[in-house]
Asks: 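Here it is, the structure in full.
What you are looking at is a predicted structure, and each value in this text was computed from that prediction instead of being measured. Values below: all heavy atoms of this structure, side chains included; hydrogens, waters and symmetry mates excluded.
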Amino acid sequence: MTENQLPPCPACAGAYAYEMGALLVCPECGHEWPLAPGESGGDSEERVIKDAVGNVLADGDTVTVVKGLKVKGSPSGIKAGTKVRNIRLVDGVDGHDIDCRIEGFGPMQLKSSVVRKV
């Protein structure tokens, strides 16, 4: 029954940690921390994120928005051709896998399917 032994919680040393996606969670104190690379039997390959035309994206890349995007609370939205510098790749919600800052709009998340690498 104790075949897959998980490490104790680093915050409270609780022994009842469990896996939830890519994180370990302690039910006693609520602390969450990432799995160490060798702890899980899951895939060890890094996720590859591609832009709208199939180019592989990396942290720090500069991309261009390929179609106009509506932004809640903004009358104009983001126009096609807007250049976005220094992107960060994240595991976002609902397919939003790029974290960035756009001039005039501030920080936001974009889908990789609406950008093209410059």
Side-chain angles (χ1 to χ4, degrees):
M1 186 166 162
T2 60
E3 194 174 293
N4 187 9
Q5 188 69 13
L6 296 174
C9 174
C12 71
Y16 300 109
Y18 61 92
E19 288 185 52
M20 186 169 76
L23 297 174
L24 292 176
V25 180
C26 177
E28 295 175 8
C29 69
H31 181 69
E32 298 178 351
W33 68 100
L35 284 168
E39 284 183 24
S40 180
D43 60 324
S44 61
E45 290 185 25
E46 193 172 313
R47 194 173 87 162
V48 175
I49 297 176
K50 296 184 178 183
D51 67 1
V53 294
N55 298 323
V56 177
L57 296 173
D59 286 343
D61 282 347
T62 299
V63 296
T64 303
V65 178
V66 294
K67 69 179 206 174
L69 302 173
K70 295 180 182 177
V71 177
K72 197 181 242 184
S74 172
S76 62
I78 300 172
K79 295 180 181 178
T82 301
K83 193 176 276 191
V84 182
R85 293 180 177 89
N86 198 20
I87 65 170
R88 289 181 308 279
L89 302 178
V90 295
D91 291 328
V93 179
D94 198 27
H96 293 83
D97 45 12
I98 296 175
D99 196 21
C100 62
R101 178 176 168 82
I102 299 177
E103 287 293 321
F105 292 96
M108 62 177 45
Q109 291 188 338
L110 298 173
K111 292 183 178 183
S112 60
S113 60
V114 298
V115 298
R116 180 178 54 100
K117 190 173 180 177
V118 174

Asks: Considering non-hydrogen atoms only, spot the tightest contact between Val114 and Lys67 and give its length.
Replies: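 Heavy atoms only, the tightest pair is CG1-CE, 3.9 Å.
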Asks: Are Ser74 and Phe105 close enough that some pair of their side-chain heavy atoms sits under 4.5 Å apart?
Replies: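 In short, these two side chains touch, coming nearer than 4.5 Å.
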Asks: Please give me the minimum heavy-atom distance between Met108 and Ile102, naming the atom from each residue.
Replies: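 Scanning both residues, the minimum pair turns out to be SD-CD1, 3.5 Å.
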Asks: With side chains defined as the heavy atoms from C-beta onward, is the minimum distance between Asn86 and Cys100 less than 4.5 Å?
Replies: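 A side-chain contact under 4.5 Å is absent here.
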Asks: Taking the side chain as every heavy atom from C-beta outward, state whether Leu110 and Val115 have any atom pair closer than 4.5 Å.
Replies: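 In contact.
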Asks: If you take all heavy atoms of Asp61 and Ala58, which pair is closest and at what distance?
Replies: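 Where Asp61 meets Ala58 most closely, the heavy atoms are OD2-N, 2.8 Å.
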Asks: Is any side-chain heavy atom of Glu32 closer than 4.5 Å to a side-chain heavy atom of Leu24?
Replies: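 No, every pair of side-chain atoms sits at 4.5 Å or beyond.
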Asks: Considering non-hydrogen atoms only, spot the tightest contact between Val93 and Gln109 and give its length.
Replies: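 Shortest heavy-atom separation between Val93 and Gln109 comes out as N-OE1, 4.4 Å.
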Asks: Distance-only, no hydrogens or angles: does the Thr82 side chain make a donor-acceptor pair with backbone N or O of Lys79 under 3.5 Å?
Replies: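 Answer holds: yes.
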Asks: How close do Leu57 and Leu89 get, heavy atom to heavy atom, and via which atoms?
Replies: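 Distance-wise, the nearest heavy atoms are O-CD1, 3.4 Å.
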Asks: Hey, any chance Leu23 and Val90 share a hydrophobic cluster, counting ILVMFWY side chains that come within less than 4.5 Å of each other, even indirectly?
Replies: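 No, it is not one cluster - the side chains of Leu23 and Val90 are not joined through contacts under 4.5 Å.
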Asks: Listed by chain and number, what are the side-chain contact (heavy atoms from CB on, under 4.5 Å) partners of His31, not counting sequence neighbours?
Replies: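 Result, side-chain contact (heavy atoms from CB on, under 4.5 Å) vs His31: Cys9, Pro10, Ala11, Cys29, Trp33.
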Asks: With side-chain contact (heavy atoms from CB on, under 4.5 Å) as the criterion, how do Val65 and Val84 come out once you've worked through the C-alpha distance, each side chain's angles and the decisive distance to 0.1 Å?
Replies: CA-CA 8 Å; Val65 178; Val84 182; 4.2 Å; yes
Asks: Verify, without hydrogens or angle tests, whether Lys111 (side chain) and Asp97 (backbone) share a donor-acceptor contact under 3.5 angstrom.
Replies: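 No: the side chain of Lys111 does not pair with the backbone of Asp97.
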Asks: Could you report the tightest heavy-atom contact between Val66 and Ser113, atom names first, then the distance?
Replies: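 Of all heavy-atom pairs spanning Val66 and Ser113, the closest is CG2-O, 4.4 Å.
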Asks: Apply side-chain hydrogen bond (donor to acceptor under 3.5 Å, both in side chains) to Ser112 and Asp51, showing your working.
Replies: CA-CA 5 Å; Ser112 60; Asp51 67 1; over 6 Å; no
Asks: Give the cluster check for Val71 versus Val63: same hydrophobic cluster or not, with ILVMFWY residues linked at side-chain heavy-atom distances below 4.5 Å.
Replies: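 They do share one cluster, since a chain of ILVMFWY contacts under 4.5 Å joins Val71 to Val63.
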Asks: Could you walk me through whether Asp59 and Arg88 pass the salt bridge (Lys or Arg N to Asp or Glu O under 4.0 Å) check?
Replies: CA-CA 5 Å; Asp59 286 343; Arg88 289 181 308 279; over 6 Å; no
Asks: What's the separation between atom CD1 in Ile87 and atom NZ in Lys117, rounded to the nearest 0.5 Å?
Replies: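 The distance works out to 8.5 Å.
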